[in-house]
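Here is the structure we will look at.
Note on naming: letters A, B, ... go to the chains in the order of the sequence lines (proteins, then strands), and numbering restarts at 1 for each one.
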Amino acid sequence: MKIKRSNAYSKATIFIIVVLFIVLIMMPMLASNNVMERLTVLFIYIIMAAMWNTLAGFGGLISIGQQLFFGLGAYATIRITNLGVSPFAALLMAACLVGLLSWPISTFMLRLKAGEFAIGMWVLASIGHLLVNLDPLIQGETGISLIALNQFDIETRRTLIYLSALLGMSGLLLGLFFILRSRAGIAMQAIRDNEEAADSIGVDAEKVKKWFFIFAAFGTALAGALWLAQASSFQPKTYFSVQWTAYMIFMVLVGGLGRFEGAILGALLFFAVETWFADTGVWYLVGLGAVAMLCSLFLPKGIWGAIENRLGITLIPVGYQVTGLVVDKKSKKT
Amino acid sequence: MIITPYSQLQATGIHKSFGRVQVLNGIDFTMDTNDAIGIVGPNGAGKSTLLSVLSGAQPPTSGQIKLNDQDITHQPARQRAKQGLVRTHQIPKPFSGISVFENVFVAAIHSATNNREEAYDIALESIKLCGMLPLANREADSIGLLDRKRLELARALATQPKLLFLDEIGGGLTDAEALQLVDTILTLRERGIGIVWIEHIVHILLRVAKTLICMDSGRIIAQGTPDDVMSNQQVMKAYMGGASHAVSA
Amino acid sequence: AQDDDTIRIGFISPRTGPLASFGKTDGFILEQARLALANGMTVAGKHYQVEIIDRDSQSDPARASQLAKELINQDVDLMLAISTPEVINPVADASEAAGIPFISTVMPWEAWYYGRGAKPGEASPFKWTYHFGFGTDEFYRTYLSQWSLIDTNKKVGVMYPNDADGNAIRAVLKPRIEKAGYTVIDPGAYETGTSDFSSQIALFKSEGVEIINSFPIPPDFAAFWRQAAQQGLHRQIKIIQIAKTGLFPSDIEVLGSLGPKIASAAYWHKTFPYTSPLTGQNGEELAALWEKQTGEQWTQQLGATLSLFDAGTEVLKQSKNPMSRTSVRDAIAKLNVTTIGGQVDFTSGPVPNVASGPIIGAQWVKGTGKFKLDYVITENVTDTNVPVTHTLLQYNR
Amino acid sequence: MINSLVQAILLGGYYALVACGLAFMFQVMRIINLAHGSLAILSAYLVWEITDALALSPFISVLMVLPIMAVVGLLLQRVILERATKGGELLPVLTTFGLAIVIDNLLFQQFGANTRSLAPYLGDLSWDSYEIFGLWIGKLPVIVLLTAIVVIGGLDLVLRFTPLGRQIRATAFDPETAGLVGIDSRKIAGISAAIAMMTVAISGTALGLRGTFDAYAGGPQLLFAFEATIIGGAGSLWGVFMGGIILAIAQSVGALIHPQGFLLGGHLVFLMFLFARIYLNSNVFSLKHWLIKRRHKGDSL
Amino acid sequence: MLSVHNLDVRYGQFRAVQGVSIEITQGDIVSLIGANGAGKSTFLKAIAGALPIYSGSVSFKDQDITDTSSSTRVQQGLSLVPEGRRLFSEMTVEENLLLGKAAQRQGDWDIERIFTTFPNLVKRRYSKTGNLSGGEQQATAIGRALMANPELLILDEVSLGLSPLVVDQVYASIESLRDAGTTILLVEQDLERAITFSQRAICMLEGRIVLDKLTADTHRDEITQAYFGLNKATQQEVS
Ligand SMILES: Nc1ncnc2c1ncn2[C@@H]1O[C@H](COP(=O)(O)OP(=O)(O)OP(=O)(O)O)[C@@H](O)[C@H]1O
Ligand SMILES: Nc1ncnc2c1ncn2[C@@H]1O[C@H](COP(=O)(O)OP(=O)(O)OP(=O)(O)O)[C@@H](O)[C@H]1O
Ligand SMILES: [Mg+2]
Ligand SMILES: [Mg+2]
């Protein structure tokens with residue numbers, strides 16, 4: 001008997017990912033402005049989906065308030081650049097700052113259970129929004145623009161933002177991958193399924209949850225900061241809107257909750273839908289809501305879950321597989 | 001054979017109440033790694049609650065618990081688990097979204113060892129000991145009630161406990177299955193793991209227990225060798241009723 | 001001619017979502033504009049086709065910014081955006097970043113200029129983006145003119161929310177009104193979404209204010225004013241002067257019997273005595289056509305949107321080369337033209353990149369025609385060409 | 001000061017009414033219904049349509065909307081919630097979130113951007129008030145407060161003391177077992193949803209009468225409803241009533257302290273309650289808690 | 001009274017019950033035994049309507065009930081006490097018991113009689129069942145089923161987790177049901193108990209019935225062998 005953590009598909013996947021990464025890094029030399037700008041948005045979507053999936057899919061922590069971190073990430077970027085820091089350094093500093101801030105927040109919020117946590121986070125996001133509104137720099141709901149970016153010429157600026165988003169996304173996904181495969185990753189899933197039992201076998205639930213929470217907060221804040229970089233304008237109402245969490249939920253639900261590949265697939269789909277149908281206005285939004293609803297009802301494990309069941313492939317395995325057993329007919333497929 | 005290092009647990013004057021309901025009424029309890037203690041008692045006597053308190057899932061209302069002369073009364077369960085004090089749950093609590101192997105592996109990597117390879121071995125061994133190898137890759141959600149109980153045991157074993165508390169893991173087994181379970185537990189006993197076992201199927205309990213405790217209404221009403229306890233009048237009245245055949249069978 | 005070059009104009013407005021009442025008439029105006037441009041235009045002797053690419057921001061700034069980029073990547077030669085900071089600022093920022101000439105209207109210029117990071121007293125940080133329309137100074141002049149029409153104790157209760165309009169008005173307008181001899185009772189900025197205003201109402205009652213001035217969003221105003229009535233405040237108020245809400249008939253209709261005689265200020269009115277250089281229509285014609293086509297009452301947004309197209313097309317005509325960004329930008333900076341909304345003059349603005357526009361004192365009164373309410377002009381200090389059509393009615397009488 | 005308190009209590013009555021349907025679904029049916037606000041707006045539009053078309057009083061139209069919303073509830077249960085609840089606590093949250101987006105935008109498609117209100121159809125009642133000892137008490141808020149008391153009280157009684165109430169709770173907890181006990185769980189779940197939607201219809205009407213609404217007005221209502229529900233505790237619906245009032249008082253106090261503190265005050269008190277309950281581990285505001293205590297005492301006497 | 005014909009129940013692809021037929025007549029006391037995972041619970045749930053039937057038919061009192069809902073079956077007099085108790089844990093003991101009346105069947109079980117039968121519940125009357133001990137919960141579950149005054153009572157793992165004294169009490173009360181003419185089908189792992197209590201024993205193995213005999217005609221060894229599929233002869237006999 002042996003424990004396997006990879007398979008033929010996953011090895012191929014690693015190869016493809018490496019190639020893809022190299023291609024993406026070279027993109028600024030190859031692609032049109034439009035393609036780069038759209039890819040930047042896609043990367044941010046992937047970050048958002050992956051971070052929400054980290055909390056909800058692997059940790060069972062459904063938050064309807066991730067816009068708190070998204071908004072704070074953007075706000076912190078504004079504040080830090082206002083001190084004269086270069087906007088690109090400010091992105092990272094902002095995300096770190098929000099990550100730091102999420103530590104005390106987690107101490108309180110993680111005491112809440114299920115629905116109370118979900119809504120508690122939402123209320124916290126509103127509080128964050130109202131507090132940011134008190135900052136005179138932000139001018140209430142009107143907000144402010146990140147004009148510090150105007151110091152770069154348009155081409156450089158586009159390329160730098162693109163690369164920041166690409167590196168941010170790659171770093172976060174890689175980090176997530178290793179965390180999930182670590183002892184904390186499996187512990188988090190145990191906690192998700194039964195916290196008391198996890199405690200009884202020596203898992204430090206509080207600590208593990210806290211780190212996941214902080215990680216997700218950091219990632220989401222980075223997404224918010226990157227979004228600000230590519231959109232320039234900061235308006236509290238927009239950045240602290242529950243709509244961001246709605247998008248995250250949509251992406252993860254459609255792609256596959258609790259599946260590493262699911263969040264990415266969901267972000268790709270959301271991105272495609274947005275690109276093609278957003279012009280239909282009201283009907284686009286109706287469709288988005290309806291698809292999220294249908295997916296959650298009929299494909300509880302999302303599209304990736306369905307693919308996994310049908311074809312039995314995992315591209316990015318984070319679990320453990322015992323091989324060399326007398327295989328029982330219902331065993332979980334690799 | 002692995003011999004477990006010595007460990008001793010001492011609880012004195014344990015009281016536990018839920019709001020107005022007094023569930024444990026001054027329990028004194030001592031055990032070490034050489035013990036194999038069976039606990040019987042009518043439903044609601046407080047047996048499971050005693051396990052919860054000893055293992056740290058719930059704090060006692062008053063009283064003191066010491067492990068190797070260290071006060072652990074206010075230590076959370078996870079720290080006790082790391083020191084070798086582990087329980088199973090009467091109503092199984094599997095991690096339903098991950099596989100049986102992963103269920104057991106979490107326990108191994110968090111309480112037994114930090115080394116991944118070692119943890120694999122410990123997990124596989126525990127699973128094997130509980131006869132669950134064929135189910136190793138099954139999602140825990142899809143296994144039946146009795147397999148869930150075995151999983152509870154396997155998971156507890158993977159922490160490499162010194163003192164192991166079992167809460168009704170034998171209920172619902174057929175005779176043959178029960179005998180298998182007894183074998184498993186005897187193996188553990190030989191390894192020097194101290195065992196506390198709550199069970200209503202007295203005849204299988206008696207195959208393992210060196211000491212028997214009978215609880216009623218939050219008190220220990222009898223304690224001693226199995227024979228003594230089973231013939232105790234109070235025990236007969238509170239627990240066995242007319243069901244003496246359960247012992248003889 | 002087949003082989004003409006095509007000038008592309010990008011146009012972004014909120015047609016759906018919470019701000020949709022601003023964008024409601026845009027489809028109609030776009031139709032008029034396209035009709036007028038069907039044969040293209042001739043600039044510096046060369047003939048061009050003109051294509052307007054319109055996008056709906058869905059009232060979502062994030063989307064507005066995305067759309068702006070999309071249009072920029074489709075090589076628009078001129079970007080237009082209209083109605084509220086939520087639409088205009090993100091599009092302006094994207095245009096500034098990409099170096100695309102940009103014009104907008106319908107939001108206070110202070111929120112546009114300072115709200116995007118410009119600092120008072122410093123040089124303008126904007127090279128590509130321009131805005132025309134009203135600012136706090138127009139409000140000040142209009143209010144003084146309007147409030148002098150009725151005899152009051154000159155005590156003004158103000159309700160300014162915590163947003164750029166509110167804060168700018170508080171910082172700039174309030175001291176000026178006070179200087180002009182009014183007593184201003186200010187309970188402080190409130191957060192939008194507040195649903196109980198009893199402390200403010202109590203303060204106004206105890207201070208005996210007779211004028212109320214407010215810059216709320218419509219739901220906040222409806223909540224405030226109904227509560228004020230419940231608590232008897234409305235009986236002492238002679239003028240209730242609101243901005244930002246009360247722009248469109250439905251904002252006032254929802255107040256029922258509390259609605260008529262609320263005073264407001266308009267950035268456009270169908271009686272404006274101007275003609276659109278683009279379509280050749282005057283205000284009355286435009287409003288009549290809208291009412292005929294849709295059966296709904298005209299709104300001030302009709303003229304505002306058309307004036308943006310007027311300005312935009314004039315810029316293209318006056319540029320040396322409409323396909324060159326710099327030459328279009330230079331044309332904007334030099335623009336001085338009369339649109340259906342009045343004069344747009346970027347050469348003498350209050351700050352660089354801005355041309356100020358009128359805001360006319362008006363009042364909602366019981367309708368005499370087929371609509372429940374009529375919108376009448378009661379003063380004209382910021383554009384004296386506009387005829388005053390009605391005397392200001394006292395609210396509590 | 002006293003005036004502020006009175007106004008806050010009246011506002012609290014409204015919050016309680018808005019929260020009642022949500023709390024019913026949250027506490028009893030175990031569904032976090034994120035479409036709650038949107039459904040309230042839907043009913044407000046329905047009432048508005050009927051009032052406008054038939055020139056009726058809104059108080060009459062709401063009676064006609066009640067059965068319509070009951071059917072909506074039934075459909076909601078059959079088509080969406082029945083499936084969603086099978087997937088655990090999480091799934092309904094997500095599905096109803098999707099539903100909210102669908103409803104909002106369909107309403108927009110149908111009714112456009114104009115703000116609407118039911119108040120104009122009430123004539124002067126919309127702002128009439130009683131003047132008692134120098135206090136001005138709006139007639140409409142009083143009506144809303146009384147409605148809240150009647151609706152919440154009625155629901156609470158039904159839930160606690162009638163077989164239907166027990167069956168509703170049992171079905172919500174575990175429909176499969178409810179079936180094994182002889183409860184027609186589909187029927188009961190349908191009835192529950194219908195009841196919930198009828199209260200939503202009433203709260204939507206209250207919203208329309210008190211203020212204005214448009215297609216996207218559901219979100220803030222949802223948040224207030226949640227806060228009232230959670231402040232009230234999970235014990236009984238009366239808790240929600242208390243929750244609404246506490247929320248409103250907290251907002252008023254917030255507004256007194258700082259003009260921008262209205263919403264902030266509410267949010268902070270909400271969080272305070274949440275954590276106080278966790279740390280104190282008791283439902284002080286649950287009536288049931290006290291009842292049981294009393295009964296135990298009675299036993300021991 | 002109950003007749004099951006060629007019943008197949010599946011979890012996805014997996015056939016948990018395969019082609020099972022049994023016939024139970026009024027007044028029968030039948031024990032269903034079999035190793036863990038044999039499909040007993042699945043079979044009983046299918047009879048009670050808690051699981052969809054893949055193929056085959058079930059009829060009760062000469063009416064086909066293959067497609068009816070579980071609540072209808074309870075109204076017709078068929079009640080199941082499910083494995084694992086399945087109480088409404090947020091509700092009190094009393095409320096759980098009162099729920100048993102939902103089927104509105106006439107009979108002599110009422111709440112006071114339940115408390116007489118299970119005196120250990122009296123003190124817990126107003127406690128949430130989630131806080132009860134295992135045995136108290138089991139008693140409540142049985143009591144709840146009895147409140148429906150069933151004609152056919154199906155009990156899955158009756159004595160699981162009960163102390164011997166309570167097991168005796170439970171059996172005593174079931175016995176009184178038997179004497180009142182209630183038909184009973186139960187799963188009991190204590191062979192001794194099963195054999196002495198019931199007239200007939202049915203043994204399942206891997207989803208099939210491998211033994212179906214009157215207890216008087218069989219003995220422990222035969223049953224034990226059937227448990228593990230050792231007794232090929234018996235298997236053939238049945239199939
Ligand atoms: N929900 C389910 N999904 C998939 N398989 C299931 C499910 N429930 C039970 N099974 C499988 O069906 C088979 C029969 O299970 P069942 O619970 O009917 O057995 P049983 O005879 O009652 O056993 P026990 O004595 O353990 O209660 C087992 O292999 C079990 O793993
Ligand atoms: N969380 C709780 N809240 C209130 N009462 C509780 C709680 N947990 C247990 N009890 C009560 O404490 C008593 C003892 O319960 P416990 O589970 O310890 O019994 P037990 O001896 O294990 O019984 P069994 O053999 O039936 O499992 C029971 O009466 C039970 O109702
Ligand atoms: Mg127990
Ligand atoms: Mg079973």
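Of all non-hydrogen atoms in D:Trp127 and C:Ser257, the two that sit nearest each other are NE1-OG, 3.3 Å. Summarising the geometry of D:Leu263 relative to C:Glu191, their closest heavy-atom pair is CD1-CG, 4.4 Å, with the distance given to 0.1 Å. Between D:Ser129 and C:Gln230, the shortest heavy-atom distance links the atoms OG-O, 2.5 Å. Between D:Phe108 and C:Arg15, the closest heavy-atom pair is CZ-O, 3.8 Å.
Chain D forms the most heavy-atom pairs under 4.5 Å with one residue out of C:Gly256, C:Ala202, C:Ser199, C:Gly259, and that residue is C:Gly256. Options C:Ala189, C:Gly23, C:Pro161, C:Gly188 differ in how many heavy-atom pairs under 4.5 Å they form with chain D, and the most are formed by C:Ala189. The greatest number of non-hydrogen atom pairs below 4.5 Å with chain C, out of D:Arg210, D:Gln251, D:Lys139, D:His258, is found for D:Arg210. With chain D as the partner, the residue from C:Gly232, C:Ala222, C:Ala223 showing the most heavy-atom pairs under 4.5 Å is C:Gly232.
C:Gln227 touches chain D through its side chain: at least one heavy atom from C-beta onward sits under 4.5 Å away, while N, CA, C and O do not. Contacts between D:Tyr130 and chain C at a heavy-atom distance below 4.5 Å are absent for every atom of the residue. Contacts between D:Asn3 and chain C at a heavy-atom distance below 4.5 Å involve the side chain alone, from C-beta outward.
Within the 4.5 Å cutoff, side-chain heavy atoms of D:Gln7 are placed close to those of C:Gln231.
The environment of C:Lys292 atom NZ is sparse: at most 12 non-hydrogen atoms of other residues, nucleotides or ligands sit within 6.0 angstrom. The neighbour count for D:Ile2 CD1, taken as heavy atoms of other residues, nucleotides or ligands under 6.0 Å away, does not exceed 12.
In this structure, C:Asp251 CG and D:Ser117 OG are separated by 12.0 Å, a value rounded to the nearest 0.5 Å. In this structure, the separation between OG on C:Ser198 and CG on D:Leu5 is 9.5 Å, given to the nearest 0.5 Å. Remark: C:Leu258 CG to D:Asp124 CG distance equals 8.0 Å, nearest 0.5 Å. The line from CD of C:Gln200 to CZ of D:Phe262 is 9.0 Å long, rounded to the nearest 0.5 Å.
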